[in-house]
Amino acid sequence: MHDRLVAIEHIVAQHRHEHGALLSILEEVQRTSEHNYLSKDELAHVARSLTLPLADVYSVATFYAFFNLKPQGEHVITVCRGTACHTRGSKPLLEKVLTYLGISLEDDGSATTADCRFTVHTVACFGQCALAPVVSVDGVIHSRITEKQLLMLIDALAGKKEAVV
Ligand code: FES
């Protein structure tokens, strides 16, 4: 942890005089973290380094959806739960993926496998309703995706077999 705190101090020193420094600092702290998230210790260290109240740092970290407060999987699967995707089977698709990975959604609407290989999120709408159901895998949008295609894609990411999607 000591090395990590030193690294955070370096990040803070690089950005502290910039406009919007806190946002830039949190972005870089998350980007350089092992599991793409901001831990309580890291947030506290950023607050101390900037002599800001911890509550101010938390309010920024919780306001922006791109900040994660829990460890994220190496691969991120986001299933759309909007109306168009729901109508075209996104609920059973989501349930199938969660069962396949052996995880359950937590209160914040996400779940990560114990080995941190996969995180599943839901989203209200990708804005591509005509292509429902829509799922993003590692930031790549897959439209009109079937359960079989999605499970094959997961297998490929897990190194089990070739993806065909
Ligand atoms: S409802 Fe799924 S993309 Fe809009």
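Index from 1, following the sequence. Just so you know, ligand 1 is whichever comes first in the structure, and atom 1 is the first atom listed for that ligand. Note that these values count all heavy atoms, side chains included, but never hydrogens, waters or copies made by symmetry.
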Problem set entry | Exceeds 12 heavy-atom contacts within 6.0 angstrom, atom NZ of Lys96 | no
Exercise. Is it the case that Asp115 and Thr113 place a side-chain donor and acceptor less than 3.5 Å from each other?
Worked result: yes
Exercise. Are the side chain of Arg144 and the backbone N or O of Ala130 linked by a donor-acceptor pair below 3.5 Å?
Worked result: yes
Problem set entry | Pairs involving residues 119-137, ordered by first then second residue, that meet side chain to side chain donor-acceptor pair (under 3.5 Å) (sequence neighbours left out) | Gln72-His121, Thr112-Thr119
For this session: Report the residues that fulfil side-chain contact (heavy atoms from CB on, under 4.5 Å) with Asp107, sequence neighbours left out, ordered by chain and then residue number.
Result: none
Problem set entry | Residues which pass side-chain contact (heavy atoms from CB on, under 4.5 Å) with Thr32, listed by chain and number, not counting sequence neighbours | Arg4, Ile11, Glu28
Problem set entry | Within-2.8 Å protein N/O/S contacts of atom 4 (Fe) of ligand 1 | Cys125 SG, Cys129 SG
